[in-house]
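Working notes, beginning with the structure itself.
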Amino acid sequence: MLLGAAILTARTAVTFVTGSTFLYFAQPTLGTALVALVFLATAVTRRPLVEKLAKDFCPLDPEVLARPAVRRFFLQISVLWGGVLLANASLVLWLLLTTSLKAFVLERTAASWTLTALAIACSTAWFLRAMRREGLQVRWGGSTRSTASADVPSPPQP
């Protein structure tokens, strides 16, 4: 939260000093483009950032991650997200340069949300398809208890 507040303060200070709303809105667009390049670079180096992020949010067995098809999926999805983020940054920059400030704020929000939602849907479908081809079942949420522990009777109540 402190980092976010510091970045917003810096953006505001730059805008105040320069008097340029363009710079205020261009800074996050540049950040998006840089993140896109990181996704693409990690795919090229065959160490996809998406795989590291997935491990943080989803428990994946090391044996599953070692499968060539799963590795390939993470490389391909890194390229997808790199492309989506570059497209998003390009679209936002184009809107910033060609529309009024009021229109820009509305159009940027709608365009970014739509592009991101489509990329999430595509990523999810791609993941499910890739795992199904590998014979892996994907379970969303639910209990993490094993069947062995579920069959153990509970102790009698006094």
For the hydrophobic clusters of this structure (ILVMFWY residues joined by side-chain heavy atoms under 4.5 Å, transitively), does one cluster hold both [X] and [Y]?
X    : Y    : result
F74  : L128 : yes
V50  : L65  : yes
L37  : L93  : no
W126 : L115 : yes
F22  : I7   : no

Once rounded to the nearest 0.5 Å, what's the spacing between atom [atom1] of [X] and atom [atom2] of [Y]?
X    : Y    : atom1 : atom2 : value
L53  : I77  : CG    : CD1   : 12.0 Å
F104 : T99  : CZ    : OG1   : 7.0 Å
N88  : R108 : CG    : CZ    : 9.5 Å
L85  : L80  : CG    : CG    : 9.0 Å
L101 : L95  : CG    : CG    : 12.0 Å
L23  : F16  : CG    : CZ    : 15.0 Å

Which atom of [X] lies closest to which atom of [Y], heavy atoms considered:
X   : Y    : answer
L40 : G83  : CD2-N, 4.3 Å
W81 : T116 : CH2-O, 4.1 Å
L75 : A43  : CD2-O, 3.5 Å

Not counting sequence neighbours, which residues clear salt bridge (charged side-chain N to carboxylate O under 4.0 Å, His left out) with R67? List them please.
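Once residues adjacent in sequence are excluded, the partners of R67 under the salt bridge (charged side-chain N to carboxylate O under 4.0 Å, His left out) criterion are E134.
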Is atom CH2 of W94 surrounded by more than 12 heavy atoms (other residues, nucleotides or ligands) closer than 6.0 Å?
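Atom CH2 in W94 is not packed in, count stays at 12 or less.
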Side-chain donor or acceptor of S112 paired with backbone N/O of T109 under 3.5 Å
no
Just wondering, do [Y] and [X] contact through their side chains at under 4.5 Å, heavy atoms?
X    : Y   : answer
V92  : T32 : no
Y24  : V14 : no
F25  : T15 : no
L86  : F39 : no
M131 : V70 : yes

Mind telling me whether F73 and F127 have parallel, tilted or perpendicular rings, with 30° and 60° as the class edges?
tilted
Give me each pair satisfying salt bridge (charged side-chain N to carboxylate O under 4.0 Å, His left out) with a member in residues 31-52, each pair once, sequence neighbours excluded.
E51-K55, E51-R71
